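Here the structure is a predicted model, which is why all the values come from computation and not from measurement. As the structure lists them, so they are numbered: ligands from 1, and atoms in each ligand from 1.
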Amino acid sequence: MLKFPETIEIIEVCPRDGFQNIKTPIPTAIKIEVIDKLVDCGFRWIEATSFVHPKAIPQMADAAEVLQIVKEKHGGRVGFIALAPNLYGAQRAIEAGADAITYVVSASEKHNLENTRQTVEQSLAAFTEVCKIKGNRKVRFALATAFDCPFAGPMNPEQVIKLVEAGLAAGADEVMLADTIGTATPLQMENLLKPLAVKYPNISFILHIHDTQGMGLANIVTAMNLGITRFESAAFGLGGCPFAPGAAGNIATEDLVNMMHKMGIKTGLDYDKIIRVARYIEDKLGIAPVGHMARLASCAL
Ligand code: COA
Ligand code: ZN
């Protein structure tokens, strides 16, 4: 018998994961408009931007400006998360007023080097420092390539669990597990999430899913059945790590919300408004819809 929760939490990551993978510069005003519209959908947490090197990801060069503007408009009502790949990035995020930090470390040594130019050990040492300066904001230990790596293939769940242990020992408030390249199967979900649930029954893990091979919703159903209730997704199904070849978009928020609401699972989100965000992105960025529901909405126009 499958078990599902009554309510889940969706954390919206389009303004960071979605936009970082778009080469053409998006005007800051459009990013702000997208975030305004997302706030209106009912999200409690939105990943607004990332504090990375502007040469590595030029699209995120306006990180401080974006964060400051959306904090001024919506601060207190919605929490804004910023991603950081290293200690300096976390310092910049704190200075700019991030309510929470997603500190990214890859389970795969090779991907961590490509993405953050640090060894996993260096990333962990820097994370310990981030936890010391975090103040009263939440710091999330985000494990990229927690299931599959574009360079090293499938990750060993035991190794991943050791890294979770290290992140928690360093002072993480929360742990996020990412299928960065969107190739994991429901069986891989079970092989990692089941032992984690046994070892950490009181930790509410966050799952970050990409949908490269169309297994995103199947993975989310599997994860919910194993007790996971917090998911990251991106409106319009945008997303992908520029340092992970082959990664396609995140699971589309509108697809996730549609499935949840049809199953009677509450999200606290307004589905019609999310579709409107998707249409706005389609109009302003001129990108064809990736997700199922936005494609349907687009056809109905
Ligand atoms: N933001 C802005 N500048 C940064 C920075 C950050 N987070 N981290 C380092 N720098 C600057 C340093 O100040 C230094 O500047 P200088 O040349 O003017 O003195 C320069 O970058 C080199 O510093 P170093 O520590 O050697 O960094 P690096 O060149 O090895 O770059 C990263 C490391 C992680 C900052 C860079 O590769 C990056 O931003 N990658 C993007 C990762 C990403 O966003 N992936 C997708 C999301 S998971
Ligand atoms: Zn991602």
From [atom], is the closest protein heavy-atom distance below 4.0 Å?
{"atom": "atom 30 (O) of ligand 1", "answer": "yes"}
{"atom": "atom 27 (O) of ligand 1", "answer": "no"}
{"atom": "atom 45 (N) of ligand 1", "answer": "yes"}
{"atom": "atom 23 (O) of ligand 1", "answer": "no"}
{"atom": "atom 12 (C) of ligand 1", "answer": "no"}
{"atom": "atom 19 (O) of ligand 1", "answer": "no"}
{"atom": "atom 15 (O) of ligand 1", "answer": "no"}

Under 4.0 Å from any heavy atom of [X], which atoms of ligand 1 are there?
{"X": "Ala56", "result": "38 (C), 39 (O), 40 (N), 41 (C)"}
{"X": "Arg117", "result": "28 (P), 29 (O), 30 (O), 31 (O), 33 (C), 37 (O)"}
{"X": "Gly89", "result": "7 (N)"}
{"X": "Pro85", "result": "34 (C)"}
{"X": "Thr116", "result": "33 (C), 34 (C)"}
{"X": "Arg16", "result": "47 (C)"}

Inset, instruction - Measure centre to centre between the rings of Phe141 and Phe127, then say whether the value is under 6.0 Å. - result: yes

Legend entry - Close approach, Gln118 and ligand 1, non-hydrogen under 4.0 angstrom: no

Legend entry - Within-cut-off N or O pair, Asn115 and ligand 1, under 3.5 Å: yes

Is any NZ, NE, NH1 or NH2 atom of the basic residue among [X] and [Y] found under 4.0 Å from an Asp or Glu carboxylate oxygen of the other?
{"X": "Lys134", "Y": "Glu129", "answer": "no"}
{"X": "Lys37", "Y": "Glu33", "answer": "yes"}
{"X": "Glu95", "Y": "Arg92", "answer": "no"}
{"X": "Arg137", "Y": "Asp173", "answer": "no"}

Inset, instruction - Determine yes or no for a side-chain-to-main-chain donor-acceptor pair under 3.5 angstrom, with Glu12 supplying the side chain and Ala235 the backbone. - result: yes

Inset, instruction - Mind running salt bridge (charged side-chain N to carboxylate O under 4.0 Å, His left out) on Asp40 and Arg276 for me, showing each step along the way? - result: CA-CA 11 Å; Asp40 195 39; Arg276 269 179 245 149; over 6 Å; no

Inset, instruction - Tell me whether Asp17 has at least one N, O or S atom under 2.8 Å from the Zn ion (ligand 2). - result: yes

Legend entry - N/O/S from His208 sitting under 2.8 Å away from the Zn ion (ligand 2): yes

Inset, instruction - Nearest 0.5 Å please: distance from the CG atom of Asn225 over to the CE atom of Met189. - result: 13.5 Å

Legend entry - From CG (Leu226) to CG (Leu196), nearest 0.5 Å: 10.5 Å

Inset, instruction - Would you mind finding which of Asn86, Val52, Leu87 brings a heavy atom closest to atom 35 (C) of ligand 1? - result: Asn86

Inset, instruction - Evaluate the criterion side chain to side chain donor-acceptor pair (under 3.5 Å) for residue pair Thr183 and Asp148; output intermediate values, then yes/no. - result: CA-CA 7 Å; Thr183 56; Asp148 281 337; 2.6 Å; yes

